[in-house]
Peer 1: 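Structure incoming, see below.
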Amino acid sequence: MSEATNVPFGPQHPVLPEPIQLRISLEDENVLQALPALGYVHRGIEKAGELNDFQQNVFLVERVCGICSSIHALAYCLAVESAMGLEVPKRADYLRVVWMELHRIHSHLLYLGLLAEAFGFESVFMEFWRIRERVMDLLEMTAGNRVIISVCTIGGVRRDIDAEQAKTIREELPKVREEAKRLVDTLLGDYTVKRRTVGKGVIPAQAALELGAVGPTLRGSGVAQDMRMAGYAAYSELQFRPVTFADGDTYARTAVRAHEVFQSMDLVLAALENLPEGELAVKFKGRPEGAALARVEAPRGELIYMVVGNGTKNLERMRVRVPTYANIPALLSVLPGCEFADVPVVTLSIDPCISCTER
Amino acid sequence: MNLIQKARMKSPWVLHFNAGSCNGCDIEILSCLTPVYDIERFGAVNVGNPKHADVLLVTGPVNRRNERVLRNLYEQMLDPKIVVAVGTCASSGGVFHNCYNCLGGVDKVIPVDVYVPGCAAKPETIIEGVILGLEKLAKMPAKARPGRQEAKAESAEAER
């Protein structure tokens, strides 16, 4: 038996797009313990949320995370709307669903590409990102920017999707779907990919619940929990069933995300089909007073915003609880016992978003 | 322009560091590598090793924790080198200007050659930023640039 070797994994590491450090103790090739060292992306957004005007905060919270940015804005707007008792127009609800699901598609395609790259399938990475660009083009066409789209505002949305844009989305998405299907079948059916992912980092359903895992990490363990079932925005009126896989390994988590890409495409098309006429945003007076909570499903899992208003233009408190933060305990529970070469793949399988986690 | 300088222009190797960014610019930098933008047609390769890199792409407003990491990466890169600050918050702090943990821009820590605007900066803009930086790199002699020694002394002090 040799002594434990300590290896720092990160903060600047080629497989991680973001700085997080895992301090890993190894015995030969096996991980004994993994400890996270956080704080490389901490900016202090919750405090800044108290310094800004509550309407300016929409733009600040979008920059908590660039990958699921509009979903942060939606959660913040829902929380403030419920504190102020605002009723959002129906058309805005449906438009919000369109943009949120487009965002989820691009986020999941990004994950699938990064995962392929983590075990050396660079061509699959390139292919996923190539089709992701077509979703980015749809976002740019409808919202005017690629990544941070700033469509949500308190009381509704800031932009409209007109008939011509809706037609383009309806024509483009089935084509993207076809290409994505071909790639997903290749990725999930491949022998090598299965050897790298099946049975790696298994989180049993009970452990996932106890450790508080959320989103695809939880659904990959067979627990059908999805905040969209709560029916915020227009989700209560759209047909929707959460995707689950029972195995709880890296493969299952990947499969959940791959199938959610197709589900999100269905939701976008259904929302456009049923898009009601009407106002984009409700006009309001007054300022938020009292506490309110909003729970939404971000691409990585459940996202919670709490705002406490005191009747002034500044909030008393803004609290953000993000999905990756909830998934880190589950990740740390499966790393011991893994081989060192599997650490990047298993770490990536919870789709960590560090800038969310540290705010 | 001698042979080495010419070769350097033909294949700039890029190191990317996220200094507290929201990820928006980082995924756009990654998008540059993919088939639609394909910076490899200019010979640019994304590398993980600072000793191999000619161009440092930094995103994010830089916070108190990763300041040391950023300085360290910059020191490890060999001369001549250029630094490109990608995105509004890397250039000036942007939306994070009043966050207590942010220093407000890459140029507070290391010298910056090109500022790329945008939130998030588009891939086209990032590519243009790198190319503008290369024009600067072409004029640089292959010796230590001014400011480097000071940065080193400062970081030695911080280390203590």
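In what follows, every chain begins at residue 1, and chains take the letters A, B, ... in the order their sequences are listed.
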Peer 1: Counting only heavy atoms not in A:Arg23, do more than 12 sit closer than 6.0 Å to its CZ atom?
Peer 2: no

Peer 1: Restricting to non-hydrogen atoms, name the atom on A:Ala73 and the atom on A:Val61 that form the minimum distance, rounded to 0.1 Å.
Peer 2: CA-CG2, 3.9 Å

Peer 1: Do any N or O atoms from the side chain of A:Asn57 and from the backbone of A:Leu60 form a donor-acceptor pair under 3.5 angstrom?
Peer 2: no

Peer 1: When you measure from the side chain of B:Asn46 to the backbone of B:Leu15, do you find a donor-acceptor pair of N or O atoms at a distance under 3.5 Å?
Peer 2: no

Peer 1: Heavy-atom distance under 4.5 Å between the side chains of B:Tyr37 and B:Glu124, does that happen here?
Peer 2: yes

Peer 1: Are there residues of residues 141-151 of chain A that reach to under 4.5 Å of chain B by heavy atoms, and which ones?
Peer 2: A:Asn145, A:Arg146, A:Val147, A:Ile148

Peer 1: Are there residues of residues 92-105 of chain B whose heavy atoms fall under 4.5 Å of chain A's heavy atoms? If so, which?
Peer 2: B:Val95, B:Phe96, B:Asn98, B:Cys99, B:Tyr100, B:Asn101, B:Cys102

Peer 1: Do B:Val69 and B:Phe17 come within less than 4.5 Å of each other through their side chains, counting heavy atoms only?
Peer 2: yes

Peer 1: Can you find a heavy atom in the side chain of A:Ile67 that is under 4.5 Å from one in the side chain of B:Ile27?
Peer 2: yes

Peer 1: With respect to chain A, which residue among B:Gly60, B:Ala120, B:Ser31 yields the maximal number of heavy-atom pairs within a distance under 4.5 Å?
Peer 2: B:Ser31

Peer 1: I'd like to know if the side chain of A:Arg63 reaches the main chain of A:Phe59, judged simply by a donor and an acceptor atom lying under 3.5 Å from each other, with no hydrogens or angles considered.
Peer 2: yes

Peer 1: Could you name the residues of residues 42-55 of chain A that have a heavy atom within less than 4.5 Å of a heavy atom in chain B?
Peer 2: A:His42, A:Arg43, A:Gly44, A:Ile45, A:Lys47, A:Ala48, A:Leu51, A:Asn52

Peer 1: Any chance CZ of A:Phe121 has more than 12 other-residue heavy atoms, nucleotides or ligands included, within less than 6.0 Å?
Peer 2: yes

Peer 1: Is A:Glu140 close to chain B through its backbone or its side chain, or both, or neither, when contacts mean heavy atoms under 4.5 Å?
Peer 2: side chain

Peer 1: Does the pair A:Arg104/A:Glu101 count as a salt bridge with the N-to-O cut at 4.0 Å?
Peer 2: yes

Peer 1: Please report the closest heavy-atom contact between B:Ile82 and B:Met77, naming both atoms and the distance.
Peer 2: O-CE, 4.5 Å

Peer 1: Pick one of side chain, backbone, both or neither for A:Arg132, based on which atoms fall under 4.5 Å of a heavy atom in chain B.
Peer 2: side chain

Peer 1: What part of B:Glu67 gets closer than 4.5 Å to chain A, counting heavy atoms only: side chain, backbone, both or neither?
Peer 2: neither

Peer 1: Taking atom NZ of B:Lys10 as the centre, does the number of heavy atoms from other residues, nucleotides or ligands within less than 6.0 Å exceed 12?
Peer 2: no

Peer 1: With a 4.5 Å cut-off on side-chain heavy atoms, are B:Phe42 and B:Ile127 touching?
Peer 2: yes

Peer 1: With a 4.5 angstrom heavy-atom cut-off, could you sort out which part of A:His72 is near chain B: side chain, backbone, both or neither?
Peer 2: neither

Peer 1: Relative to chain B, which segment of A:Leu110 carries a heavy atom at a distance below 4.5 Å: side chain, backbone, both, or neither?
Peer 2: side chain

Peer 1: Which salt bridge (charged side-chain N to carboxylate O under 4.0 Å, His left out) pairs, counting each pair once, include a residue from residues 83-96 of chain B, with sequence neighbours left out?
Peer 2: none

Peer 1: Taking the basic N atoms (NZ, or NE/NH1/NH2) and the acidic carboxylate oxygens, is any pair closer than 4.0 Å for B:Asp113 and B:Lys136?
Peer 2: yes

Peer 1: Report the residue from A:Glu178, A:Arg177, A:Glu179, A:Glu172 that forms a side chain to side chain contact (heavy atoms under 4.5 Å, CB included) with A:Lys175.
Peer 2: A:Glu172

Peer 1: If I measure from the heavy atoms of chain A, does B:Ser21 come under 4.5 Å with its side chain, its backbone, both, or neither?
Peer 2: backbone

